[in-house]
Asker: 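Here it is: the structure, laid out below.
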Amino acid sequence: MADPKGFLNHEREIAKTRPVEERVNDWNEVYQPGSLLPIISKQASRCMDCGIPFCHNGCPLGNLIPEWNDYAYREDWTEASERLHATNNFPEFTGRLCPAPCEAACVLGINQPPVTIKNVEVSIIDKAWDNGDVTPQPPERLSGKTVAVIGSGPAGLAAAQQLTRAGHTVAVYERADRLGGLLRYGIPEFKMEKRHINRRIEQMRAEGTKFRTEVEIGRDLDAKKLRKRYDAVVIAAGSTTSRDLPVPGRELSGVHFAMEYLPLANKVQEGDLTVAPISAEGKHVVVIGGGDTGADCVGTAHRQGAASVTQLEIMGKPGDERNPNQPWPTFPMLYKVTSAHEEGGERLYSVSTTHFEGDEDGNVQWLHLTEVEFKDGRPEPRPGTERKIPAQLVTLAMGFTGTDRENGLVEQFGLELDERGNVARDTDFATNVPGVYVAGDAGRGQSLIVWAIAEGRSAAKGVDRFLTGASALPAPIKPTDRALTV
């Protein structure tokens, strides 16, 4: 413990964002470049180096948080990076995108603002890249075994990197034209610039991982043929089936899933398109869904020049402090103001969409809603609260219901599904098909990036043991593990 009074002497201070009027006119990350380094040593010193660090339990990766906090305090960036990479393949992703359940579980957070673990993490990895501490780690020898990984999101990339470093020959199949899965086309540029993905991919290429883009297993390549070609397969295809809203008017033009809307904006930033075919420019935009994907739609609409942005959430507005039924160290449901919400727009809580109204050409123009209250766990309309709001573009950001069932992957492999529609697996992340494993949202259901990376690392151990009879790879979680919630 470098500074035993650090948490007493220094208050919590987080990264500074660029002015709203500046950042809504570009797609760069919202944070001020270089704003963390002058404060991060003091922030790291607030870590109490607990004898029983609950931040380890809050994070499924089992990150060695007190250790790299200590190194960051001492500004020993090389050792800090080594501790960070010991449990996390891609800390520059999690340090930008994870909602930080580790901070919710921080012991200091019992009665004070918790340590800025996420900011310390991203400072360490950014400094590591700047210092040249992130280098390829190719295996010393090859096993002669081959593995196919389906999907290049965080779970697939983590599994692929672990298995490549274990000496297996790994090929990653991605149905999109670029690698990264939802990191590439689901996360807007202003939350994470895609250069962070690109340099990790180059590191993995240098280690020996092969990549095949624009190949969708089930459509472009039969899953059975893939299984015969490789000694093992890891399915990390995500939970990509969007939850729909079956109300009158859903068929109107201008009502889209979030994952129809967001990728097009990212393709503009990649240089593939000049203008997004689905754009918020000059339109009244309504985002249905109050989660992170909904916030991504809000921020994207601001940058496209929307006339107005309204976000709807069926649940009530969360409080600013922990609810008594969500005690430390569980992850609390708190009122969250993201960078996108700082940029404007209106947020409506306890409301439900009843139907959409269009013009004579079939374009959505109005969204009809009603206020709701929950009775026996179900939302019930409140009489007399019906109204309509202008809506010329509607994005549905209500989560996902499972992995893709229409492309043939599940059927061709002959995979069994669990009661929630996810690919079933045993304690080694193995499916009912010998040699076929599943990691990430495809097996867990929609979850956080830290769970995806943890699943990829754990599934890699199961595959390695299947191929060689034993494995020294780490497995931070079991398939049955769940987040610290109530």
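Atoms considered below: every heavy atom in the structure, side chains included; atoms not considered: hydrogens, waters and symmetry mates.
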Asker: Would you please test Arg96 and Glu92 for salt bridge (Lys or Arg N to Asp or Glu O under 4.0 Å) and show each step?
Answerer: CA-CA 6 Å; Arg96 287 173 166 83; Glu92 65 270 41; over 6 Å; no
Asker: Please check if the side chain of Glu455 supplies one atom and the backbone of Gly440 the other of a donor-acceptor pair under 3.5 Å.
Answerer: yes
Asker: Run the side chain to side chain contact (heavy atoms under 4.5 Å, CB included) test on Lys118 and Thr94 for me, step by step, so that the C-alpha distance in whole Å, both residues' side-chain angles and the decisive distance to 0.1 Å come before the verdict.
Answerer: CA-CA 8 Å; Lys118 182 177 172 179; Thr94 55; over 6 Å; no
Asker: Can Thr87 and Asn63 be counted as having a side-chain donor-acceptor contact under 3.5 angstrom?
Answerer: yes
Asker: Answer with yes or no whether the side chains of Glu121 and Asn88 bring together a donor and an acceptor at under 3.5 Å.
Answerer: yes
Asker: Counting heavy atoms not belonging to Arg219, are there more than 12 under 6.0 Å from its CZ?
Answerer: yes
Asker: Salt bridge or not for Asp292 and Lys191, using N-O below 4.0 Å?
Answerer: no
Asker: May I ask you to check whether Gln203 and Gln161 show a side-chain donor-acceptor distance below 3.5 Å?
Answerer: yes
Asker: Just wondering, more than 12 heavy atoms not from Glu411 lying within 6.0 Å of its CD?
Answerer: no
Asker: I'd like to know whether NZ of Lys267 has more than 12 heavy-atom contacts from other residues, nucleotides or ligands below 6.0 angstrom.
Answerer: yes
Asker: Output the distance between atom CD (Gln304) and atom CD1 (Ile278), rounded to the nearest 0.5 Å.
Answerer: 9.5 Å
Asker: Does Lys210 reach the side chain of Val170, with side-chain heavy atoms less than 4.5 Å apart?
Answerer: no
Asker: What are the two closest heavy atoms between Val234 and Ala159, and how far apart are they?
Answerer: CG1-CB, 4.3 Å
Asker: So, Lys145 side chain and His168 main chain: donor-acceptor pair closer than 3.5 Å or not?
Answerer: no
Asker: So, the side chain of Asn131 versus the backbone of Asp133: is there a donor-acceptor pair under 3.5 Å, distance only?
Answerer: no
Asker: For the residue pair Ile40 and Asn119, establish whether any side-chain heavy-atom pair is separated by less than 4.5 Å.
Answerer: yes
Asker: With a 6.0 Å cut-off (strictly less than), is the heavy-atom count around NZ of Lys42, excluding the residue itself, greater than 12?
Answerer: no
Asker: Considering only residues two or more places apart or on different chains, which pairs with a residue in residues 41-64 satisfy ring pair (Phe, Tyr, Trp, His ring centres under 6.0 Å)?
Answerer: Phe54-Trp328
Asker: Please test Val147 against Thr169 for side chain to side chain contact (heavy atoms under 4.5 Å, CB included), starting from the C-alpha separation and ending with a verdict.
Answerer: CA-CA 6 Å; Val147 182; Thr169 300; over 6 Å; no
Asker: Does Arg457 reach the main-chain N or O of Ala452 with its side chain, forming a donor-acceptor pair under 3.5 Å?
Answerer: no
Asker: Do the side chain of Asn432 and the main chain of Gly414 share a donor and acceptor less than 3.5 angstrom apart?
Answerer: yes
Asker: Less than 4.5 Å apart, any side-chain heavy atom of Thr300 and any of Tyr261?
Answerer: yes
Asker: Any donor-acceptor pair under 3.5 Å linking the side chain of Ser279 with the backbone of Ala276?
Answerer: no
Asker: Under the side-chain hydrogen bond (donor to acceptor under 3.5 Å, both in side chains) criterion, do Thr164 and Thr209 qualify, and how do the steps go?
Answerer: CA-CA 6 Å; Thr164 297; Thr209 304; 2.7 Å; yes
Asker: Please determine, by modelled atom types, if Asp404 and Thr241 share a side-chain donor-acceptor pair under 3.5 angstrom.
Answerer: no
Asker: Can you establish whether the number of heavy atoms outside Met259 located under 6.0 Å from its atom CE is more than 12?
Answerer: yes
Asker: For Gly6, is there any backbone N or O sitting under 3.5 Å from a side-chain donor or acceptor partner on Arg46?
Answerer: no
Asker: Please report the shortest heavy-atom distance between Arg425 and Val423, naming the atom on each side.
Answerer: CD-O, 3.6 Å
Asker: What are the two closest non-hydrogen atoms of Ala424 and Val438, and how far apart are they?
Answerer: O-CG1, 4.4 Å
Asker: Please round to the nearest 0.5 Å and tell me the distance separating atom CG of Asp70 and atom SG of Cys47.
Answerer: 8.0 Å
Asker: Count the heavy atoms belonging to other residues, nucleotides or ligands that lie under 6.0 Å from CZ of Arg199, then report whether that count exceeds 12.
Answerer: yes
Asker: Just to verify, which of Val172, Leu182, Leu183, Ile201 counts as forming a side chain to side chain contact (heavy atoms under 4.5 Å, CB included) with Ser152?
Answerer: Val172
Asker: When you look at CD of Glu281, are more than 12 heavy atoms from neighbouring residues, nucleotides or ligands closer to it than 6.0 Å?
Answerer: no
Asker: What's the separation between atom CG in Leu396 and atom CG in Leu245, rounded to the nearest 0.5 Å?
Answerer: 6.0 Å
Asker: Judged by modelled atom types alone, do His196 and Glu29 share a side-chain donor-acceptor pair under 3.5 Å?
Answerer: yes
Asker: Measure the spacing between CE of Met48 and CZ of Phe7 and express it to the nearest 0.5 Å.
Answerer: 4.0 Å
Asker: Going by atom types only, do Gln446 and Asp441 share a side-chain donor-acceptor pair under 3.5 Å?
Answerer: no
Asker: Any donor and acceptor pair, going by atom type alone, linking the side chain of His341 with main-chain N or O of Thr338 inside 3.5 Å?
Answerer: yes
Asker: Please walk me through it: do His256 and Thr395 pass side-chain hydrogen bond (donor to acceptor under 3.5 Å, both in side chains)?
Answerer: CA-CA 5 Å; His256 301 277; Thr395 60; over 6 Å; no
Asker: For Arg303, which residues count as a salt bridge (Lys or Arg N to Asp or Glu O under 4.0 Å) partner, sequence neighbours excluded?
Answerer: Glu343
Asker: Is it the case that the side chains of Thr431 and Glu416 hold a donor-acceptor pair, with the cut-off being a distance below 3.5 Å and no angle test?
Answerer: no
Asker: Do Asn266 and Arg184 pair up side chain to side chain, a donor and an acceptor below 3.5 Å, judged on atom types alone?
Answerer: no
Asker: Any chance the side chains of Asp177 and Thr213 put a donor and an acceptor closer than 3.5 Å?
Answerer: no
Asker: If you count the non-hydrogen atoms of other residues, nucleotides and ligands that lie under 6.0 Å from CG in Leu334, is the total more than 12?
Answerer: yes
Asker: Do Met192 and Phe93 make a side-chain contact, defined as non-hydrogen atoms from C-beta onward lying under 4.5 Å apart?
Answerer: yes
Asker: Does the side-chain hydrogen bond (donor to acceptor under 3.5 Å, both in side chains) test come out yes or no for Arg18 and Tyr31, once each step is laid out?
Answerer: CA-CA 6 Å; Arg18 295 186 291 131; Tyr31 295 103; over 6 Å; no
Asker: Is a donor from one side chain sitting under 3.5 angstrom from an acceptor on the other, for Tyr185 and Arg178?
Answerer: yes
Asker: So, using salt bridge (Lys or Arg N to Asp or Glu O under 4.0 Å) as the criterion, who are the partners of Glu342 when residues are at least two apart?
Answerer: Arg23
Asker: Would you compute the distance between atom CZ of Phe90 and atom CG of Leu157 and round it to the nearest 0.5 angstrom?
Answerer: 5.0 Å
Asker: Are Asp426 and Tyr437 close enough, and set up right, to give a side chain to side chain contact (heavy atoms under 4.5 Å, CB included), and what steps lead you there?
Answerer: CA-CA 9 Å; Asp426 65 14; Tyr437 292 72; 5.6 Å; no
Asker: Say whether, by atom type as modelled, one donor and one acceptor occur between the side chain of Glu260 and the main chain of Phe257 under 3.5 angstrom.
Answerer: yes
Asker: Looking at Arg175 and Glu214, is there a salt bridge between them, counting it only when a charged N and a carboxylate O are closer than 4.0 Å?
Answerer: no
Asker: Measure the OG-CH2 distance between Ser81 and Trp129 for me, rounded to the nearest 0.5 Å.
Answerer: 9.5 Å
Asker: So, does Thr401 use its side chain to make a donor-acceptor pair with the main chain of Arg243 at under 3.5 Å?
Answerer: no
